[in-house]
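Because the structure is a prediction, the values reported are computed rather than measured. Within every chain, numbering begins at 1; the chains are lettered A, B, ... in the order of the sequence lines, protein sequences first and strands thereafter.
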Amino acid sequence: MTAVSNQTRRTMPATGDTLLDVQNLEKFFPIRGGLLSRVVGNVKAVNDVSFKVGRGEVVGLVGESGSGKTTAGRAILRLIEPTGGQVLFNGTDITKLSKGQMRDYRREMQIIFQDPFASLNPRMTVSDIIGEAMQIHNLHPGKQRVDRIAELLQKVGLRPEHMRRYPHEFSGGQRQRIGIARALAVDPAFIVADEPVSALDVSIQAQVVNLLQDLQEELGLTVLFIAHDLAVVEYICDRIIVMYLGRVMEIAPSRELNRNPKHPYTEALLSAAPVPDPTVKRQRIILEGDIPSPINPPSGCVFRTRCRYAIADCANIVPELREVSPGHFKACIRDDIL
Amino acid sequence: MIPFLLRRLVQSVPTLFLASILIFFVIQLAPGDFLTPAKLNPNISPEALAALERNFGLDRHPIEQYFLWMKNMLFNFDLGLSFSYQQPVMDVIKPRIANSMYLVLLSTLLFYAIAIPIGVFGAVRQNSLGDKTINVILYFLLGFPSFFLALIVIYFILQVRSATGLDIPINGMTSNGFDSMTPVQKFLDIAKHLLIPAIILAVSDAAGLTRVIRGQMLEVMRSDYIRTARAKGVSERTAIWKHTFRNAILPIVAGIGGLLPGAVAGAGFIEVVFAYPGITPMILDALNAQDLYLIAGFTVITTVLLVIGNALSDILLAVVDPRIKVG
Amino acid sequence: QSAFVWPAAWTAEQNTANKRGGELRLSAISDFKTMNPFTSSEADSIPDRMETGAGLFTQDPRNDEFIPYMAASAPVVSNNNKRFVVKIRQGMKFSDGQAITADDWVTTWKIHTDDKVGSNSYDTFFLVGKPITVKKLDNYTLQFDFPQPSASALSIMSYAPWPDHVFGKAYREGGADAVKKLWGLATPASQIVSPGMWVVDSYRAGERTVFKKNPNWGDWNKDSRGQELPYLNTMSVRIVADANASLAAFLAGQIDTVGMRNADDLAQTKKAIDNGSLKAFLKANVSPQATSQWITFNWNKAGDPAKQKLFRDVRFRRAMSHIANRQAMVQLALGGLGSETYFSTYPIFKQQIDAGLAAGAPQYKYDLAQASKLLAQIGYTKKNAQGYLVDKSGKVLEFNLSTNAGNTVREQLGRIFADEAKKVGVKVNFTPIDFNTLVGQLTSKGENRPFDAILLGLSGGSNIWSFGSNVVPCGTNLHSYNNPTDGKCATSQEQLMTKLYYQGDAELNDAKRRAIGGQLMKAEGELQPVIYLVGGNYHVAFNERLGGEFAANMMDAYYGHRLQALTFIK
Amino acid sequence: MTTTAPANTQKKDKPLGQSQFSVAWQQFRKNRLAQAGGLMLILLYVMAIFAPFIAPDALSSYSTSNITRFHPPTPIQFRDPDTGAFTRPYVFKYTQQLNMDTFVNEFKPSAERCPLYFGVRGASYKILGLFPGNLHLFGTNKEDCSVYLFGGEDLGRDLFTRTLYASQISLTIGFGAVLITTLIGLMMGAMAAYFGGIVDTVIMRLVEVLAAIPYLFLLLLLRSVFPRDINPILALYVILGILAFIGWGGLARVTRGQLLSVREQDFVSAAKSLGASDNRIMWRHMLPTLTTYVIVTTSLAIPSFILLESGLSFLGIGAVEPYASWGSLLKAAQDGGLSSLNTRPWVLIPGFFIVFTVMCFQLLGDGLRDAFDPRKRA
Amino acid sequence: MTHQGEVLLAVNGLKTYFSTDDGVVKSVDGVTFHIKKGETLAVVGESGSGKSVTSLSVMRLIPTPPGKIVEGEILFTGKDGVQKNIVTLSEADMRKIRGNDISMIFQEPMTSLNPVYTVGDQIAEAVMLHQGKNKKDAMGVATDMLRFVGIPAPEKRVNEYPHQMSGGMRQRVMIAMALSCKPALLIADEPTTALDVTIQAQILDLMRNLQKEVGMSILFITHNLGVVAEMADRVVVMYGGRVVEEGDVVDIFQAPRHPYTMGLLNSIPRPGEYEHVPGQPKGRLEAIPGNVPNPLNLPPGCAFEPRCKFAVPDCSKAVPALEDTGHGHMSRCIRWREFAQAQREVTA
Ligand SMILES: Nc1ncnc2c1ncn2[C@@H]1O[C@H](COP(=O)(O)OP(=O)(O)OP(=O)(O)O)[C@@H](O)[C@H]1O
Ligand SMILES: Nc1ncnc2c1ncn2[C@@H]1O[C@H](COP(=O)(O)OP(=O)(O)OP(=O)(O)O)[C@@H](O)[C@H]1O
Ligand SMILES: [Mg+2]
Ligand SMILES: [Mg+2]
């Protein structure tokens with residue numbers, strides 16, 4: 001197999017040129033009710049989220065279920081329309097683009113879905129699925145297209161003859177590869193990988209993670225890698241963004257985050273992951289209770305209801321994301337902890 | 001709950017409005033009117049016909065007729081006068097609707113009484129010989145146009161009557177001496193008359209519901225919580241009736257509200273064939289006679305009931321399914 | 001005053017054992033619509049049934065003559081047969097015990113003739129547009145003034161008197177609207193008052209109406225042995241889905257009598273009788289029915305002059321009569337149990353038919369050769385490749401014939417007619433269409449009316465003067481073959497027929513009137529404006545528990561098989 | 001060997017490129033009852049197409065001179081009655097006589113024999129309205145001595161012939177109506193889901209209105225609006241149109257619901273993220289998800305239309321003379337009342353065709369539903 | 001841990017097959033293991049390796065048809081101290097064991113509770129069934145159990161419906177239900193797989209604490225090795241319907257003697273272990289290539305052979321036997337000795 005390719009050198013975050021700049025992104029889902037089904041409330045799925053992603057960088061987005069990771073990822077690609085904020089891609093604010101203009105940008109930005117079963121149209125063959133993107137953008141017309149599809153299949157570790165098969169004839173891991181091939185079909189610069197391995201078994205998960213990493217390095221892709229399992233994210237990402245209840249809690253280089261979490265939520269998240277070593281008996285920080293409702297998030301810091309360091313002020317002040325050390329940001333008012 | 005009902009009310013206004021327009025003008029579109037047959041009567045002169053037209057308001061423009069009708073309906077709750085009965089529509093159809101309801105309710109009851117056990121049996125013994133046999137029989141019955149089935153049944157009743165002398169009623173809703181019976185006798189008498197048409201109705205349609213129940217049961221039986229129940233050590237009966245069935249009937253419960261307009265709309269051809277004094281024969285006659293307000297009024301009533309029925313369905317579903325909240 | 005005695009000859013089976021009580025069980029196919037005699041618009045309605053045994057005069061089924069009934073004696077006629085003074089029998093009471101007096105007749109007349117009420121009897125109180133008036137001379141004397149003499153005078157005067165204390169009161173207080181609001185189906189039976197033999201006992205929508213005998217009626221109605229009538233206690237009318245259902249009910253012994261439509265019904269009944277499950281009286285082909293089926297050709301086709309000319313050609317119409325294979329129609333459409341008809345007078349009115357035949361009224365019977373000959377005379381001699389007759393220009397001899405969809409008998413008649421027509425080369429495009437559309441076409445007025453030919457039927461009519469007031473005279477509604485805007489006759493025969501119609505209608509003497517009718521039939525027969533086809537036969541079937549029926553020779557479609565007053569349960 | 005190797009455990013047991021339909025077909029093949037139903041339906045349709053050829057007579061030909069009302073079925077004889085030897089198949093000629101005592105029109109076989117021939121020339125016809133012919137599968141070649149396999153009806157027409165011709169209408173009216181219903185339903189549902197807002201509201205209200213108005217009555221009303229003096233066969237198509245016009249509500253509702261939920265599915269998002277146009281998403285991704293639903297509902301809706309048509313015939317507005325449907329034939333039997341049951345039961349045969357066809361459709365529909373049920377697949 | 005050492009459950013040569021349209025699936029093909037009193041035994045293995053079928057066989061809840069226990073015995077010593085063979089028990093006797101002696105909790109907390117009954121009803125049902133308590137007392141027990149599993153305001157929650165609770169709470173309800181009759185054995189079939197890491201931590205914590213209090217044995221099924229490391233005393237590794245390795249948890253993690261176990265261990269990213277230097281290429285996870293074999297079409301020899309990087313021709317000849325490699329550490333690999341050797345060298 002190909003060894004690790006050295007063709008692309010990674011640039012450090014934020015220092016190099018920024019590919020993606022998300023500013024105050026916001027996505028509220030209206031809740032309707034009442035006599036005339038007026039909007040009576042909002043699910044604040046993503047609330048005032050800002051971050052940058054450098055060209056060629058792999059950034060992780062973690063947080064527990066329902067924290068708004070998927071929503072953020074899709075809003076960035078405008079698969080759902082954000083209700084507020086801006087997404088600058090290569091300097092252009094894509095939230096302002098028309099449908100037609102957006103179509104050109106779609107070539108540049110792709111997504112791999114969490115669920116390898118729901119994200120492939122069960123009525124289309126693999127070649128239809130992968131070829132569709134090319135057809136839309138008129139890439140590789142005619143005979144070339146088949147070759148290109150075959151090439152992509154090989155690249156993700158499938159065989160060309162799989163082209164004629166339907167998704168239900170593949171295992172979960174294989175399906176996820178098809179999803180990856182589809183995303184790669186248009187030669188994108190940026191990929192949102194939305195929990196691409198969460199639905200997979202550990203042994204398959206490793207296969208897919210390795211594949212993603214290879215492709216990223218080989219093609220110089222910029223990746224927003226969404227997950228809730230810090231172990232995987234840490235392994236593959238340069239930087240990590242931690243979200244909780246629609247807000248960013250902490251951003252830091254992955255090694256820094258792992259070694260030196262500055263936010264109580266990150267700390268708890270890290271400690272919660274079970275360590276596959278029976279000899280290590282770690283003291284875990286158990287978060288009490290469940291994630292609150294995003295319709296009525298707690299005032300002030302949204303994490304305070306489960307935070308063991310919470311103080312009275314936490315209920316009053318919405319903590320800002322501030323840089324506590326170079327490249328390390330946190331949204332917590334307390335500096336005396338951790 | 002109250003806001004829910006209010007919202008429903010608001011939403012139903014356009015429906016009612018559209019339905020009333022549709023039905024009213026479709027009736028008007030049909031050739032001729034209520035007085036057409038009178039024209040063939042050798043004894044009615046054109047002058048008399050004109051007078052009748054004036055009396056019935058048929059000389060006015062249809063749009064004017066519609067607005068008058070609407071006005072009366074909205075402000076006086078008056079559905080208009082039936083031409084052929086010369087009485088308020090409501091008075092005319094009320095007893096008929098009541099009669100239809102007895103029949104529909106009984107047949108619905110029987111319908112469920114037949115379909116539920118068979119459906120459950122089919123699911124529990126999926127693909128067994130019994131399951132398949134019952135299915136084929138039900139499909140066979142389903143294929144009978146109800147009037148055809150009724151004809152055959154009537155024939156057999158006649159045979160039985162003449163062979164045994166049993167007084168099995170073949171049509172109608174009451175026996176001759178009905179008015180001089182005690183209440184209990186009256187009840188039994190009506191029940192006796194209802195039974196056969198109700199059974200025919202129930203049996204000939206049972207296949208549909210049986211299939212739904214069977215499918216629902218199968219689906220629920222596959223669900224995790226049934227396994228949980230079994231893991232607790234509950235008996236097979238409890239697992240099926242308490243855990244599976246209760247969940248399987250949720251969509252059926254939701255359909256119950258839809259029965260309301262159905263009960264009013266009558267049992268269809270069966271009523272005709274059995275000379276049952278329900279609403280169907282009356283409306284068929286009214287359609288033939290183009291008894292404008294009778295038809296339109298009846299439609300308004302069923303539409304209103306449909307709206308109520310739908311709301312009722314939602315409420316019922318919320319009652320039986322704790323996951324659903326009305327509001 | 002003495003009671004009216006029902007002649008012993010009116011029944012073949014005397015109730016010598018004086019059986020009383022019991023119920024006469026009948027059936028009807030459509031539900032009752034109202035109990036109000038003034039808004040009721042159909043035959044055999046509740047008021048119709050209640051007024052059995054009410055009316056100034058009644059017809060003797062033996063000879064069709066009117067005899068005083070509620071009238072105490074024959075009327076005193078004056079003013080050139082236009083004024084009738086009638087003494088009313090005294091001591092008659094409504095079912096609620098109130099005396100029946102002249103006021104009741106006057107009120108009833110007033111309400112019927114108020115066009116705001118919309119009574120179906122409105123027209124009976126007018127003669128050629130002029131009103132008949134009714135005046136009360138005293139409590140027991142009425143004076144009727146006719147605008148002109150009328151053969152039907154006694155019949156017209158025999159309307160049922162409805163209680164002035166109910167309807168008159170309402171009418172005076174609230175006018176027509178108040179009358180219309182009375183006696184709906186929801187009215188409690190206790191409020192219903194009847195002048196006749198029956199009064200409503202209970203009504204169950206769509207199921208059954210039960211009538212009980214009017215207790216006061218027997219005071220003035222006695223049988224020949226002086227017993228009060230009726231013998232029966234109650235009469236119930238059960239609503240059934242259709243004729244099949246009433247037959248089933250009859251076979252099951254649930255109703256006492258039923259109409260026999262055809263051989264099937266007879267066969268079923270006979271079978272039930274033979275295998276012992278039913279004890280009933282059955283007699284087939286008792287008489288013809290009082291109905292006719294006919295084909296009318298439209299003379300007002302200004303838009304298609306060729307067709308108009310054709311339809312107006314008497315030879316064409318006679319040819320059409322020759323084409324009508326009436327025997328086949330009886331065999332096929334009526335199952336062999338029917339009668340051929342050639343005149344507008346129903347064959348049941350035997351005396352009139354005989355008068356017509358005596359006067360030389362022609363019958364153009366089935367004869368294809370004759371038809372071909374007549375058509376050749378018009379100019380149709382050549383046939384085209386398909387076998388249809390063509391004129392000189394090569395146009396096929398064809399016309400459209402419609403009837404109302406859903407009436408299988410008429411559909412079959414039309415088919416047979418079309419098939420026979422084809423044999424002589426006439427192309428008949430036969431289509432059943434919607435009844436209302438058909439009636440609209442038939443009754444349309446104008447120079448260019450929207451049909452070629454229509455196959456339809458009429459029923460109703462009386463044995464006094466059996467020609468339709470709305471049919472025979474030019475310009476009337478059902479003068480279906482020729483109905484131009486001005487209502488003028490197109491032919492001299494029509495003029496003659498119109499004249500004869502009014503002449504006969506004003507003739508009080510039965511024999512003379514029938515002679516006039518004979519002339520009319522001759523004129524009509526020769527003109528053949530309408531081709532008469534066939535009519536069904538009347539059969540009698542009733543459960544043997546009933547007694548008091550007519551002698552066999554008295555039964556016919558007009559009078560039925562019994563009088564309810566003399567009927568008893570064995 | 002650090003990165004992944006391609007999945008090399010090839011499943012050999014299933015053929016490559018197995019589409020959803022071939023999977024369903026495999027499942028379907030295991031369902032004997034459904035297969036039998038399907039097979040019978042195919043036979044019925046073939047029979048309908050070739051009805052003019054199979055039938056010995058024309059749809060509505062009867063003699064008006066020799067009337068054979070309710071001619072009983074004529075058993076086909078194979079043996080010579082005298083010698084007992086096998087001969088060319090023949091039927092007896094019947095004589096009839098109205099018995100004035102019992103009022104039964106009695107048919108009796110006479111001694112005259114009418115041999116049956118295969119491939120006789122007779123009434124001309126067009127198969128599928130295209131291929132003319134006058135060859136009939138079998139017949140007697142005699143005017144006044146025909147073969148009545150199913151007996152005769154009230155005009156003496158051959159019921160077997162009528163039943164065959166009737167199948168053309170009964171079996172297609174459902175198809176046509178369901179086709180139109182499906183198209184309208186899909187279109188309306190798609191429009192409601194796609195445009196949303198006011199279009200959605202209007203369409204959904206309309207569906208509600210159509211649901212509110214008693215089906216049968218609306219049908220009667222609409223039917224009466226159309227003139228009756230048009231060609232009866234055209235009238236049938238009018239009914240068909242009306243049936244379709246009324247029936248689309250349910251499907252529209254389902255379509256709308258399905259599309260709204262599919263819209264949220266990842267594979268639609270995926271197509272969107274690839275830059276697919278709305279049109280493409282609709283036709284390539286969203287509407288095809290309804291295929292199975294449509295197949296199954298169709299197979300179940302067609303029989304209900306057959307039943308409905310029989311109901312309409314019961315009310316006298318179905319197929320009218322000279323055309324016939326099973327429903328109208330059954331209605332004629334119904335009109336005959338008790339006699340149809342006890343003196344000429346053969347007139348009920350068309351009714352059993354209805355029963356049988358509906359049953360076959362149910363079995364087929366059931367089988368299809370099971371076959372397309374993804375959970376049934378391992 | 002009172003009865004440490006006594007065997008509570010012994011599964012011997014269990015074979016559970018499913019007959020499907022395509023053929024017979026040998027989901028469990030001769031599985032043997034045991035659980036001692038008070039012990040936690042983890043069963044690991046990839047999806048489809050037969051873990052759930054094994055546990056359902058123990059509960060005798062295999063859907064029949066298509067499934068059937070075709071061979072083997074499951075010996076269980078209940079609260080009454082009598083050893084019974086679950087495979088041959090009557091259905092009535094089995095029902096007495098279910099929920100009373102052996103309880104089970106499932107992977108999907110969202111769908112494993114009946115949506116139309118309150119959680120209290122559902123817990124009480126088992127109590128009424130097995131302890132003969134009346135409804136009121138049983139509801140009392142239910143409330144106590146909810147409190148026991150750490151649900152706040154149990155008096156209120158007991159009357160709530162499952163949909164009113166979050167996934168973590170539902171899983172607690174499941175546990176409460178399973179423990180309500182103080183079973184001797186709790187089977188937990190991937191109880192945390194569907195849960196979030198933080199909630200998973202809560203639940204694991206809870207289970208450990210409860211086990212200490214109640215003193216029951218746990219058969220813990222998962223494919224998450226991190227969870228195994230935290231929970232298990234002993235581990236059974238399954239592959240293709242067979243046990244491929246069994247042993248003490250520390251042995252399994254530190255000295256795996258089956259290539260599949262090794263592969264599994266290698267494919268997990270361990271937090272904190274990959275501190276790659278920026279600018280340098282990252283290391284690789286060592287994934288097991290290929291997919292789980294088709295259960296209809298298992299290779300004739302070692303089921304893992306097609307994916308095994310240590311495979312030798314002999315591997316495909318016959319199914320290797322499960323051999324004791326010392327101290328009850330069993331392996332179903334013909335080359336286990338070489339691994340043992342290599343491990344000794346590393347430690348040395
Ligand atoms: N279409 C929608 N309408 C309403 N609320 C929504 C919608 N989509 C998502 N949400 C809500 O937004 C919040 C964030 O959801 P999101 O799917 O982004 O979370 P996530 O972090 O991706 O979770 P997971 O790890 O489970 O995928 C959740 O509370 C969810 O219920
Ligand atoms: N009802 C069934 N019908 C047919 N095959 C079945 C059935 N249940 C399980 N199997 C088969 O048995 C094998 C083992 O399944 P099992 O559920 O025990 O795996 P598992 O190890 O629990 O996997 P997971 O981690 O996904 O839960 C699988 O190949 C599965 O396809
Ligand atoms: Mg997500
Ligand atoms: Mg499992």
Side-chain angles (χ1 to χ4, degrees), chain B residues 11-12 14-19 22-23 26-27 29-32 132 135-136 138-148 151-152 154-156 158-159 207-208 211 215 218-219 222 258 261 264-266 268-269 272-273 280 283-284 286-288 290 295 298-299 302-307 310, chain D residues 31-33 37 201-202 204-206 208-218 220-228 300 303-304 306-311 313-315 326-327 330-331 333-334 337-338 340-342 348 351-352 354-363 365-366 369 373 375:
Chain B
Q11 282 173 348
S12 62
T15 308
L16 291 172
F17 192 67
L18 264 174
L22 187 73
I23 206 78
V26 169
I27 301 171
L29 273 176
K132 284 184 176 153
N135 256 348
V136 171
L138 284 176
Y139 289 163
F140 181 69
L141 289 172
L142 190 71
F144 274 90
S146 55
F147 64 90
F148 182 42
L151 179 74
I152 293 175
I154 290 178
Y155 178 70
F156 280 108
L158 277 178
Q159 301 298 100
R211 189 158 50 188
L218 282 176
E219 186 155 345
R222 277 190 281 234
V264 168
F269 296 132
V272 179
V273 179
T280 317
I283 295 297
L284 288 177
L287 279 162
N288 265 332
Q290 304 212 11
I295 305 165
F298 171 69
T299 312
T302 50
T303 315
V304 169
L305 284 175
L306 181 91
V307 170
N310 283 349
Chain D
N31 190 336
R32 278 292 137 86
L33 270 175
T201 315
V202 168
M204 285 301 113
R205 282 297 102 88
L206 202 63
E208 231 170 83
V209 170
L210 285 177
I213 296 167
Y215 199 114
L216 190 65
F217 303 144
L218 181 64
L220 282 171
L221 272 180
L222 286 172
R223 177 64 178 86
S224 66
V225 173
F226 289 85
R228 281 212 200 193
L300 297 178
S304 72
I306 295 178
L307 283 181
L308 186 66
E309 191 275 334
S310 75
S313 288
F314 175 71
L315 296 175
W326 288 338
L330 187 57
K331 156 71 173 165
Q334 160 93 12
L338 297 173
S340 295
L341 287 161
N342 60 14
L348 302 179
F352 289 100
I354 297 181
V355 174
F356 183 69
T357 309
V358 172
M359 193 170 83
C360 288
F361 266 115
Q362 298 296 332
L363 292 175
D366 239 22
R369 200 205 32 219
D373 184 350
R375 267 168 313 211

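Between chain B and the residues D/L330, D/V358, D/V202, D/L363, the most heavy-atom pairs under 4.5 angstrom are made by D/L330. With respect to chain B, the highest number of heavy-atom pairs below 4.5 Å among D/S310, D/S304, D/P303 belongs to D/S310. Each of B/V136, B/L16, B/L138, B/V304 has some count of heavy-atom pairs under 4.5 Å with chain D, and the biggest count is that of B/V136. Top candidate by heavy-atom pairs under 4.5 Å with chain D, chosen from B/Q159, B/R211, B/K132, is B/R211. Listed options D/L338, D/L33, D/T357, D/N342 were ranked by heavy-atom pairs under 4.5 angstrom with chain B; first place goes to D/N342.
Contacts between B/V272 and chain D at a heavy-atom distance below 4.5 Å involve the side chain alone, from C-beta outward. Looking at D/L307, only its side chain comes within 4.5 Å of chain B, counting heavy atoms on both sides. Contact annotation for B/L218: neither backbone nor side-chain heavy atoms come within less than 4.5 Å of a heavy atom of chain D. Looking at D/I306, there are no atoms closer than 4.5 Å to chain B (heavy atoms on both sides), in backbone or side chain.
Listed here is the closest heavy atom pair of B/G143 and D/I354: O-CG2, 3.6 Å. Of all heavy-atom pairs between D/G37 and D/C360, the closest is O-CB, 3.6 Å.
Note: D/F314 and B/F269 have perpendicular aromatic rings, judged against thresholds of 30 and 60 degrees for the angle between ring planes.
Listed by chain and residue number, nothing satisfies the ring-ring contact (aromatic ring centres under 6.0 Å, His included) test with B/Y139 (two or more places apart in sequence, or in another chain). For B/F140, the ring-ring contact (aromatic ring centres under 6.0 Å, His included) partners are B/F144, not counting sequence neighbours.
Rounding to the nearest 0.5 Å gives a distance of 5.0 Å between CZ of B/F298 and OG1 of B/T302. If you take OG on D/S313 and CG on D/L308, they are separated by 9.5 Å, rounding to the nearest 0.5 Å.
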